[in-house]
Every structure is written in structure tokens, then in C-alpha cells.
Amino acid sequence: MSDTDTGSGAAPRRGAWVRLGSGLLALGLLTWGSVQVGAWGPGSDGGQSLVSTAADTETADGGDQPVLVEEARLACAGVSGSPGASAAALAPPELFAEQPTGQRSATLSPVAGSAGSDVLELRADQEVAETPPAEDATSLLTATGPGAPGLVGGHLSVGTGSGARGAALVGCAAAAAEHWLLGGDAAAGRTEQVVLTNPGTDPVRVDLEVHGAEGPVEATGASGLVVPAGGRLVRPLDALAPGTAAPAVHVAAEGGPVTAHLVDTSREGTTDLGVDVTGPSAEAARDLVIPPLPDAGADGTETVLRLLAPEADAVVELGALTEDGAATPGTSAVRVAAGTTTDLPLDGLPEGAVGLRLRSDHPVTASLQVRLAPSGDEPVEQEVAEQETTDGEAATATAAPDGATATGSPQDQEQPLVRPAGELAWVPAAGPATQPVGIGLPDRAAVPGAETSLSVAVLDATAVEVLLRSADGSTRVETLELGNDSTTLLSLAPDVRGVWVRPAEEGGTGVVAAAVHLTGSDDLGPYRAAAALAAVPWSREVTGVSRVVP
């Protein structure tokens, strides 16, 4: 397992001896301390000072202090059969109190066993990189040295034809020893795939546990799975635990960390009801936040909160976070039995950008499902795209119900009739973040009528700093002033490729949760994708030696 931490859990320690002369040894005892060579915000005092000399270290107070990470390994998954592209961005200089020295670079590449583009090298003079569209791609984003802190990536899958229609956006996530994936359902036409990615250099053993509305489920073939080094493993959830209502999957890795994603596809007969790729929900805790939805109370939008109490019965109190502050939703509390999941429809949510705060007497984790209903039941004509045949003549391509295409001359084919489509998205719960969170955003032009927005919620009054990196490498910084338990929306330009969000105040008490929302529509219906911003690779703890004078 790597001895660095990418910001998604407790940070392992790496010993760092500081050379001390014999004269110093004679003065007193040596005690473990730490050397702070980090930047914005990670210190316990909120400081940004750089401390790197032995003389400074000798006066350390012995408390744990973080340093910037030296390695980042992120991965993100796409939807099988849907074209998708990945994007990555190095952190802008404005994210740091003092820019890390040395050449900054990162590598964006397809994981072994998935289709994808060639390896892309992301350099400091390039700042952002994007892969061309490829089907079934799982992307691996790696960086060492000064390119690691603040690195972000993301993957967007877009299907516009019948049988695989929908948009799915997910941020590249850090590997960890444990994950919780909440998504999918037992309804007919609902299929889920668990995608495990191993960014390390050694094979990793993984055990999966499945929980549902009735409690833990006996899963077949879920133990002793081996994810190859630098590769991935895909397992259909229906094969592991068929017919599980409101499933939640626990991923436990041994021998190294992995990333985990859940691909959720919904159909009813020949009607597409959406697709999404969701990353892990926050580790079970007594205080969680669901980042805001831009239109939670809109007509035709169904929101369902899925809760899991992994270990003990829990009573969960729900609070709404709105643009005007805290509010009480229609359902203010729910009981979740130990080891079970509960799906709670949320009715009567306020208009505008609405997030949720979940407080419970025992740890829970959660995710919010957003479903957009089809615009109607009557079939509509699907546009037929012209493409050129090998002999140069025009041909048409139409999508078959299984996602395949049929070609022929324009005279031979009529406009196909296709039922209006729905869409779905999952927004996983986030732990309150006091360090930067972020995501990479690929080009969204493949989504008809694409519009992208950033939703932000704070739990205490605070100023929030948003850093937006464009495709040309330029950076725009915005500061948002938010009141207690409030939210806001920020429209994102089409050329934005990297987003970072953090509390702007040094040492402030405000905590932040954020998500990116992608919407669009065509003649068949809506497109909807959402991705919660995860903690970026940022800091780890390092232990040094300091002097205690008697």
C-alpha cells in the first residue's frame, strides 16, 4: 500500500529523520514531531508557512502537521457501450500559498482491460488534457512530485441512441481500502455493474458485501476477487445478489487500495429511463451532507434518499439547506434498522438549490437518487444521422433497442419510432470538507443543449473560493459569501475543465460540500448527470524529530 494519502481518509505516516549534531543530542531528549512543508489550510492552526530546515524543525511543538502529497493515483469509470471521454487538470497556482517547486506533470491513460485512447502526458505548460471519445473506457490518472497536490480528473459518458441513452459524469477518485457504493434497484430492467480499479503495481484481493432493504444479503462469488495490477474487474450486481432491493455494496480491499464505481442502467421494456456512474458515498458518520440539487422541487423530478446503517439502529434527522438558510423538509426524521437500507422519497422540497444535512445517533451513509420521468408515452420519431459508406455513398445509421446500429440508404429506411426517455443520476453523500475538493470536466458538447452548473453548500457562514481552470489553461477565481447552512449555484462555461472549491478563510470553521450538475435535452427527453466533488490529493502527515529541552 502506498504510504501517501490522497485526501480520502486517515493519512498514513512516513518517518522523516532530521539530521542532528552530537551537540544537540547532548542538550536533551529527542521526541517525534513533524515538519510542515504544506500550503493552504492543512495545518491545525490554519497556517500557510513553509518550514523545511533542520533549525526550524528543532523548535517544533511535537504536534502532527501535514505536508503536501508526493503521489496521486486516481481512477474513473465509464458506461459500457457508450462513447466517453476523460479530462485531467493540474491544480492552478492560486490553490497554493506557495507554488510547489519542480516540473509538474501527470499521466492520463486507459486502464488495462478497457478500451481507450493512448497515454497522455499532462505537463505544466499544458495544464489540462482530454482523451478522444472511446467506448468502455476506465481512465487512470497518476502524478508524482509537485504535480500530485490538487490533481483532478473526470469522465463523461454520453449515449444518444435507443438502448444506451443517457449521460453519466463522475470524478476520478482516489484509491482506498474500503468503499460504500449505493445505487441501483431490483426493479425489472434495472442493471448494475461494480467496477473495481487497481492503480497499484501489485494484485489486490477484494471482498464484496451486499446490504439491502431486508439486511445483509448472501452474495455468490463476492469473496476473494482479484483485481490485477494496473487493471480493473467488473462484476454484475445481479450475479452477486440477484433481486436485492435498494442495494448498498461494501468494498473491502486487502493488499492495497482500489477505486470503486457503480454503473446503474434503467430501462422499462423499450423505454430508456437513464444511466449513471456513481462513486463511493462518504464513510459512515453521524453528520453528513448531500450536495445541493439545482432543481430538487421541479415538476417531473423524483428524489429518493437511500440510507444505510451499517452497524446499529439509527435515527436520522433530515435538514434542508437552501439559498435562504436551513429549512425543514416534508420528512424530518427516519429510522434505519441495523445492517439495512431504506429508500425515502422526498416530497415538498423547497425550490432552488437544495442540499440535505443528515444527523444521526449512530453512523450512517447515504446517496440521493434523482429521476426524471419521460415527457410522455407516445412514440416520437428519432432523428437518423447520415454517415458515409466505404464507397462514398450516403447511408443512415439508426440505433437498435440493443444499442447496435443498422445502416442502409436513406430511401430504404424510415424515421424510427422511439418512446420518450427518462434519466437518472446519483449524488452520494459527502463528509464535511475543510480542505479543497474538486473534479475534472471533459468537453460536454456531446450532450444536446448541455448546461453545467456548480452547486455549493456550507454548514456555517463562510466565504467559499471557487477556482475554475479553462481548456486554454487560464484560471478564474470567484469568492462566494454564504450564510449559515445555505447554498448557491454557479453557472460553468463550456470550456471549464477543472473545478476546485474550498473555504476561503484561513482557519475558518465553515465546511463545504459541492457537486457539478450537467443537464440537456433533445426530442426524446432530458439528459441529467451529477457528480459530487471529492477531496483532492492534498496533504499527508510526516513525522520529524524535535528537541525537548529539560
Side-chain angles (χ1 to χ4, degrees), residues 7-8 36-50 65-69 89-100 127 149-152 171 282 287 289-292 294 321-326 352-353 355 357 430-441 452-470 473-493 496-517 531-539:
S8 61
Q36 182 180 351
V37 295
W40 173 90
S44 59
D45 60 355
Q48 302 185 34
S49 61
L50 297 180
Q65 298 279 351
V67 301
L68 293 180
V69 296
L90 296 173
E94 293 85 351
L95 195 65
F96 303 94
E98 185 171 331
Q99 184 68 21
E127 305 295 352
L151 181 69
V152 295
D287 195 355
V289 178
I290 302 288
L321 309 174
T322 77
E323 295 169 345
D324 298 321
R357 186 173 188 181
T434 56
Q435 293 189 352
V437 295
I439 191 173
L441 294 178
T452 313
S453 61
L454 173 71
S455 68
V456 181
V458 299
L459 297 188
D460 297 295
T462 189
V464 175
E465 196 170 68
V466 178
L467 298 89
L468 305 174
R469 173 142 281 189
S470 299
S474 62
T475 302
R476 180 165 64 96
V477 181
E478 293 203 21
T479 300
L480 312 174
E481 298 286 346
L482 298 179
N484 286 331
D485 299 342
S486 66
T487 67
T488 192
L489 274 180
L490 180 65
S491 178
L492 300 181
V496 171
R497 296 293 178 268
V499 180
W500 295 261
V501 179
R502 68 181 182 187
E505 299 174 357
E506 237 182 86
T509 59
V511 292
V512 177
V516 168
H517 301 270
L533 273 61
V536 301
W538 190 244
S539 65

Practice problem: Go through Val499 and Val501 one step at a time and tell me if the side-chain contact (heavy atoms from CB on, under 4.5 Å) criterion holds. | Solution: CA-CA 7 Å; Val499 180; Val501 179; 4.2 Å; yes
Quiz item: How far apart are the closest heavy atoms of Gly438 and Val152, and which atoms are they?
Solution: C-CG1, 3.8 Å
Practice problem: Answer yes or no: is there a donor N or O on one side and an acceptor on the other, between the side chain of Thr487 and the main chain of Gly355, under 3.5 Å? | Solution: no
Quiz item: Closest approach of Pro149 and Leu68, non-hydrogen atoms and distance?
Solution: CG-CB, 3.9 Å
Self-check item: Listed partners of Ala91 passing side-chain contact (heavy atoms from CB on, under 4.5 Å), at least two apart
Solution: Leu95, Phe96, Arg104, Trp500
Quiz item: Which residues satisfy the side chain to side chain donor-acceptor pair (under 3.5 Å) test with Ser455, sequence neighbours excluded?
Solution: His517
Quiz prompt | Inter-residue atom distance Leu454.CG - Thr488.OG1, 0.5 Å rounding | solution = 9.0 Å
Quiz item: side-chain contact (heavy atoms from CB on, under 4.5 Å) with Glu94: which residues, sequence neighbours excluded?
Solution: Pro92, Leu467, Thr475, Val477
Practice problem: Identify, with sequence neighbours excluded, every residue that meets salt bridge (Lys or Arg N to Asp or Glu O under 4.0 Å) alongside Asp324. | Solution: none
Quiz item: What closest approach, in Å, do Gly150 and Val536 show between heavy atoms, and which atom pair accounts for it?
Solution: CA-CG2, 3.8 Å
Quiz item: Roughly how far, to the nearest 0.5 Å, is OG of Ser453 from CG of Leu490?
Solution: 8.5 Å
Exercise. Under the side chain to side chain donor-acceptor pair (under 3.5 Å) rule, collect the residues that match up with Thr452, sequence neighbours excluded.
Key: Arg444
Self-check item: Shortest non-hydrogen separation from Ala89 to Gly498 and the atoms involved
Solution: CB-CA, 4.3 Å
Exercise. Measure across Ala463 and Thr479 and return the closest heavy-atom pair with its distance rounded to 0.1 Å.
Key: CB-CG2, 4.1 Å
Quiz prompt | Atom pair CZ (Arg497) and CG (Leu468), whose distance is rounded to the nearest 0.5 Å | solution = 12.0 Å
Quiz prompt | Pairwise side-chain contact, Leu151 with Leu90, heavy-atom cut-off 4.5 Å (strictly under) | solution = yes
Self-check item: Flag, side chain of Thr322 to backbone of Gly325, donor-acceptor distance under 3.5 Å
Solution: yes
Quiz item: Quick one: side-chain contact (heavy atoms from CB on, under 4.5 Å) partners of Ala326, sequence neighbours excluded?
Solution: Asp485
Quiz prompt | Residues in side chain to side chain donor-acceptor pair (under 3.5 Å) contact with Asn484, at least two apart in sequence or another chain | solution = none
Quiz prompt | Val458/Leu321 under side-chain contact (heavy atoms from CB on, under 4.5 Å): CA gap, chis, key distance, verdict | solution = CA-CA 8 Å; Val458 299; Leu321 309 174; over 6 Å; no
Exercise. For Arg469, check salt bridge (Lys or Arg N to Asp or Glu O under 4.0 Å) against everything at least two apart and list the hits.
Key: Glu127
Self-check item: Partners passing side-chain contact (heavy atoms from CB on, under 4.5 Å) against Ala531 (at least two apart in sequence or in another chain)
Solution: Leu169, Ile439
